[in-house]
S.K.: 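This structure is in structure tokens; I'll ask about it shortly.
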Amino acid sequence: MSEITAIRGMNDILPSETACWQFLERTVAAVLSSYGYDEIRLPLVEKTALFKRSIGEVTDIVEKEMYTFDDRNGDSMTLRPEGTAGCVRAAIQQGLLNTPQRLWYTGPMFRYERPQKGRQRQFHQTGVEAFGVATPDMDAELILLCAQIWRQLGLLDSMELQLNSIGSAEARRAYREALVDFLQARVEQLDEDSQRRLHSNPLRILDSKNSQTQSVLDDGPSLEDFLDEEASADFARLCELLQAAGIQYVVNRRLVRGLDYYNKTVFEWVTRELGAQGTVCAGGRYDGLVGQLGGKATPAIGCAMGMERLVLLLLEHGQATAPPAADVYVVAAGDAAQGIALAATQALRCQQPQLRIVQHTGGGSFKSQMKKADKSGARVALIWGEDEVAAESVTVKSLRAQNGERAAQVTVALRELETTLCAALAP
RNA sequence: GUGGCCGUAGCUCAACAGGUAGAGCACCGGAUUGUGACUCCGGAGGUAGCGGGUUCAAGACCCGUCGGCCACCCCA
């Protein structure tokens with residue numbers, strides 16, 4: 001193998017998978033449109049400061065996962081590790097915040113992490129962001145929108161919705177203090193990672209996978225008790241709305257998010273079918289971020305779904321992955337036939353643009369061309385040989401004759417090609 | 001960044017107390033001159049990830065390195 005290979009964690013998406021991707025992208029876009037969301041297309045690269053200020057200086061993403069480099073002017077740039085920051089930046093810069101905005105975007109994100117199942121260094125997210133609405137009906141809409149996407153994808157039964165409210169920044173500050181005080185007295189019982197988090201990011205201890213750490217937390221302070229009245233009321237209202245809409249959910253009081261900008265509602269859609277990377281979609285409210293990035297104070301909520309993880313789920317559920325077969329394969333033996341076939345096929349593409357017509361290229365014997373025709377999966381072969389050229393005709397041959405009826409083929413005048421072909425292709 | 005497992009033809013995998021590599025699929029050609037599929041025959045394709053060591057001899061053993069997978073971590 002050549003020593004030039006793809007960069008670790010940046011995978012090729014092969015033809016055998018793209019049908020699944022297209023189904024996913026098409027379905028997601030259709031649902032988003034049906035909720036009145038508009039697509040926005042954003043740069044892959046932004047100034048480094050944007051991510052540091054939005055995601056948080058002490059998060060793992062900013063500290064060790066960003067692809068950051070200096071451009072030729074010496075300015076620090078970063079390949080986007082997530083989409084919200086850029087979307088907020090654009091909304092502020094382009095003056096989109098005078099009225100409620102419902103936006104979505106899709107594309108690659110970049111994080112320098114060790115690859116594993118459902119995790120790569122270049123991965124794809126579709127993000128949804130709603131600006132300008134502070135009330136929990138907006139939260140409910142976003143969650144319903146997700147549920148609708150899962151339903152349309154046939155994945156609703158694979159998903160569990162986990163919900164929490166992390167309240168205001170002040171509430172979290174107070175809670176963090178209480179939590180640190182509590183855990184400090186029990187440091188010895190915590191796993192190594194959680195001991196480290198005690199200093200760096202104590203709230204993340206809450207979703208530790210270590211069972212002993214989890215049982216230590218059972219006697220600790222609950223974030224719920226520190227929530228301000230508004231956050232509690234809004235969360236209760238959100239739960240009511242979800243119940244009314246028939247959305248199943250689980251309140252997980254230990255659900256926190258890794259990015260600093262979240263407040264109040266946070267949620268995750270998780271699945272047990274994907275191994276360790278079970279979070280398929282996650283998001284929450286970020287009412288402070290727009291102001292923090294220099295815009296006028298604007299409430300907002302958003303979420304992002306991991307497209308690779310959705311593709312994995314779709315594949316495990318047996319979504320068709322084969323690229324579509326050709327409809328027609330064009331066999332032409334000899335130089336004269338080749339010229340006529342090429343022209344006739346071009347005309348056919350004008351008449352029947354939806355047909356997938358594969359022209360044989362590269363020469364080869366008649367027999368080998370027929371083999372290619374068969375392997376292409378085409379239902380019909382169009383054949384031009386010496387006889388057809390001489391008679392200004394073409395042979396239309398059905399390659400997928402049903403049991404018994406021996407390979408139906410008919411030779412007709414060129415001008416009858418379109419109707420004969422359509423008849424042969426008719427079910 | 002840490003750990004476990006793995007690295008043989010395009011793909012999926014074999015073999016053998018360590019004695020210089022094989023199958024299936026795929027690919028190419030042929031089975032009387034322009035007709036695919038099934039069948040039969042033939043062919044091409046690997047300096048065994050890379051480097052070093054042990055040995056008369058290593059794909060097999062040892063070390064290193066790179067890469068892959070999965071998990072930790074992190075998160076979508």
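On a predicted model such as this, the values are computed, not experimentally measured, just so you know. By convention in this document, chain letters (A, B, ...) are assigned in the order of the sequence lines, proteins followed by strands, and residues within each chain are numbered from 1.
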S.K.: Would you indicate which nucleotide in G34(B), G36(B), C72(B) comes nearest to any side-chain atom of Thr395(A)?
M.R.: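 So the nucleotide nearest the side chain must be G34(B).
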S.K.: Starting from the C-alpha separation in whole Å, work towards a yes-or-no answer on side chain to side chain donor-acceptor pair (under 3.5 Å) for Gln409(A) and Thr395(A).
M.R.: CA-CA 7 Å; Gln409(A) 81 176 52; Thr395(A) 297; 4.8 Å; no
S.K.: Counting only Watson-Crick or G-U wobble pairs whose two distances fall under 3.5 Å, which nucleotide matches U33(B)?
M.R.: none
S.K.: What nucleic acid atoms does Ala282(A) come within less than 4.0 Å of, heavy atoms only: base, sugar-phosphate, or nothing?
M.R.: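 Counting heavy atoms under 4.0 Å across all strands, the contact made by Ala282(A) is with sugar-phosphate only.
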S.K.: Mind calculating the distance between CG (Leu399(A)) and P (C38(B)) to the nearest angstrom?
M.R.: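 Computing the Leu399(A):CG to C38(B):P distance gives 13 Å.
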S.K.: What does A44(B) pair with, Watson-Crick or G-U, if both distances are under 3.5 Å?
M.R.: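 Across any shown strand, A44(B) pairs with none.
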S.K.: Around atom OH of Tyr112(A), are there more than 12 heavy atoms of other residues, nucleotides or ligands at under 6.0 Å?
M.R.: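 Atom OH in Tyr112(A) is not crowded, with 12 or fewer foreign heavy atoms closer than 6.0 Å.
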S.K.: If we take the C1' atom in both A17(B) and C73(B), what is their distance in whole Å?
M.R.: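 Pairwise C1' distance, A17(B) against C73(B), rounds to 44 Å.
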S.K.: Describe the nucleic acid contact of Leu310(A) in one word from base, sugar-phosphate, nothing, applying a heavy-atom distance below 4.0 Å.
M.R.: nothing
S.K.: Report the base-pairing partner of G3(B) (Watson-Crick or G-U wobble, both distances below 3.5 angstrom), or none.
M.R.: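 C70(B) - that is the nucleotide pairing with G3(B), both distances being under 3.5 Å.
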S.K.: Roughly how many Å is it from CD in Glu65(A) to C1' in A76(B), rounded to a whole number?
M.R.: 12 Å
S.K.: In whole Å, what separates the P atom of U55(B) from that of A14(B)?
M.R.: 31 Å
S.K.: Rounded to whole angstrom, note down the P distance from A23(B) over to U65(B).
M.R.: 37 Å
S.K.: For RNA chain B, whose closest nucleotide is more 5', that of Arg121(A) or that of Thr411(A)?
M.R.: Thr411(A)
S.K.: Contact class for Glu192(A) (heavy atom, under 4.0 Å): base, sugar-phosphate, or nothing?
M.R.: nothing
S.K.: Say whether Tyr37(A) and Glu141(A), considering side chains only, have a donor N or O and an acceptor N or O under 3.5 Å apart.
M.R.: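 Yes.
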S.K.: Arg8(A) near the nucleic acid: base, sugar-phosphate alone, or nothing, with a heavy-atom cut-off under 4.0 Å?
M.R.: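 Contact class for Arg8(A): sugar-phosphate only.
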S.K.: Is Gln116(A) near enough to C70(B) that one of its side-chain N or O atoms lies under 4.0 angstrom from OP1 or OP2?
M.R.: no
S.K.: Does one side chain, of Gln352(A) or Glu418(A), offer a donor that lies under 3.5 Å from an acceptor on the other?
M.R.: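 Glu418(A) and Gln352(A) do have a side-chain donor-acceptor pair below 3.5 Å.
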S.K.: Let's test this: given Watson-Crick or G-U wobble pairing with both distances under 3.5 Å, identify the partner of C61(B).
M.R.: G53(B)
S.K.: Heavy atoms from C-beta onward define the side chain here; which of G36(B), G34(B), C27(B) lies closest to that of Lys371(A)?
M.R.: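 The answer is G36(B), which lies nearest to the side chain.
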S.K.: Touch check for Gly118(A), heavy atoms < 4.0 angstrom, all strands: base, sugar-phosphate only, or nothing?
M.R.: base
S.K.: Whom does G10(B) pair with, Watson-Crick or G-U wobble, provided both distances fall under 3.5 Å?
M.R.: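 Because both required distances fall under 3.5 Å, G10(B) counts as paired with C25(B).
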S.K.: Mind calculating the distance between CG (Asp60(A)) and C1' (U2(B)) to the nearest angstrom?
M.R.: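 To the nearest whole Å, that distance equals 14 Å.
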S.K.: Looking only at side-chain N and O atoms, does Arg197(A) come under 4.0 Å of OP1 or OP2 in C74(B)?
M.R.: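 Yes.
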S.K.: Once you round it to whole Å, what is the distance between C1' of G34(B) and NE2 of His360(A)?
M.R.: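 It is 14 Å, rounded to the nearest whole Å.
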S.K.: Checking contacts here: which listed nucleotide (U35(B), C28(B), C70(B)) is nearest the side-chain heavy atoms of Lys375(A)?
M.R.: C28(B)
S.K.: Indicate, yes or no, whether a donor-acceptor pair under 3.5 Å links the base of C73(B) to the side chain of Arg119(A).
M.R.: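 Yes, a donor-acceptor pair under 3.5 Å.
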S.K.: Taking all atoms of both residues into account, what is the closest heavy-atom pair of Val394(A) and Ile383(A), and its distance?
M.R.: CG2-O, 3.7 Å
S.K.: For the pair made of OH in Tyr112(A) and C1' in A76(B), what is the distance, rounded to whole Å?
M.R.: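 Those two atoms, OH and C1', are 20 Å apart.
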S.K.: Can we say Arg254(A) and Asp218(A) salt-bridge, meaning some charged N sits less than 4.0 Å from an Asp/Glu carboxylate O?
M.R.: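 The answer is yes: the pair qualifies as a salt bridge.
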S.K.: So, is Lys372(A) near the phosphate of C28(B), with a side-chain N or O under 4.0 Å from OP1 or OP2?
M.R.: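 Yes, such a contact exists.
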S.K.: Below 3.5 Å, does any donor atom in the side chain of Lys367(A) face an acceptor in the base of U35(B), or the other way round?
M.R.: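 Answer no: no donor N or O sits under 3.5 Å from an acceptor.
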S.K.: I need the CD-P distance between Gln120(A) and G68(B), as an integer number of Å.
M.R.: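 Those two atoms, CD and P, are 12 Å apart.
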S.K.: Can you check the distance between A60(B) and G18(B), where both ends of the measurement are the C1' atom (answer in whole Å)?
M.R.: 6 Å
S.K.: Strictly below 4.0 Å, N to O, side chains only: are Arg151(A) and Asp157(A) in salt-bridge contact?
M.R.: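 The answer is no: the pair does not qualify as a salt bridge.
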S.K.: Find which nucleotide of RNA chain B each of Val280(A) and Leu274(A) is nearest to by heavy atoms, and output the residue with the more 5' nucleotide.
M.R.: Leu274(A)
S.K.: Give Gln277(A) one of three labels, base, sugar-phosphate or nothing, depending on what nucleic acid heavy atoms sit under 4.0 Å from its own.
M.R.: base
S.K.: Across all strands, who's sitting opposite A17(B) as a Watson-Crick or G-U wobble pair, both distances under 3.5 Å?
M.R.: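 Base partner found: none.
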S.K.: Please classify the nucleic acid contact of Lys209(A) as base, sugar-phosphate, or nothing, using heavy-atom distances under 4.0 Å.
M.R.: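 Touches a base.
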S.K.: Could you give the CG-to-P distance, from Leu190(A) to C73(B), as a whole number of Å?
M.R.: 14 Å
S.K.: Taking only Lys NZ, Arg NE, NH1 and NH2, and the carboxylate oxygens of Asp or Glu, determine whether Glu392(A) and Arg415(A) approach each other closer than 4.0 Å.
M.R.: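 Salt bridge absent between Glu392(A) and Arg415(A).
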S.K.: Classify the nucleic acid contact of Glu388(A) as base, sugar-phosphate or nothing, counting any heavy atom under 4.0 Å across all strands shown.
M.R.: base
S.K.: With rounding to whole Å, what would you report as the distance between G59(B) and C72(B) at their P atoms?
M.R.: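 Their P atoms lie roughly 38 Å apart.
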S.K.: Base, sugar-phosphate, or nothing: which does Ala304(A) touch, judged by heavy atoms less than 4.0 Å apart?
M.R.: sugar-phosphate
S.K.: Under 4.0 angstrom, heavy atoms only, what part of the nucleic acid is Gln369(A) near: base, sugar-phosphate, or nothing?
M.R.: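 No contact.
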S.K.: Quote, to the nearest angstrom, the C1' distance that separates A9(B) from A76(B).
M.R.: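 One C1' to the other, the span is 38 Å.
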S.K.: Does a salt bridge link Lys397(A) with Glu388(A), judged by any charged N lying under 4.0 Å from a carboxylate O?
M.R.: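 Salt bridge absent between Lys397(A) and Glu388(A).
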S.K.: Using the C1' atom on both, measure G53(B) against A71(B) and round to a whole Å.
M.R.: 32 Å
S.K.: Provide the distance between the two C1' atoms, one in G67(B) and one in G29(B), to the nearest whole Å.
M.R.: 37 Å
S.K.: CG of Asp387(A) versus P of G34(B): gap in Å, rounded?
M.R.: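 After rounding, the reported distance stands at 11 Å.
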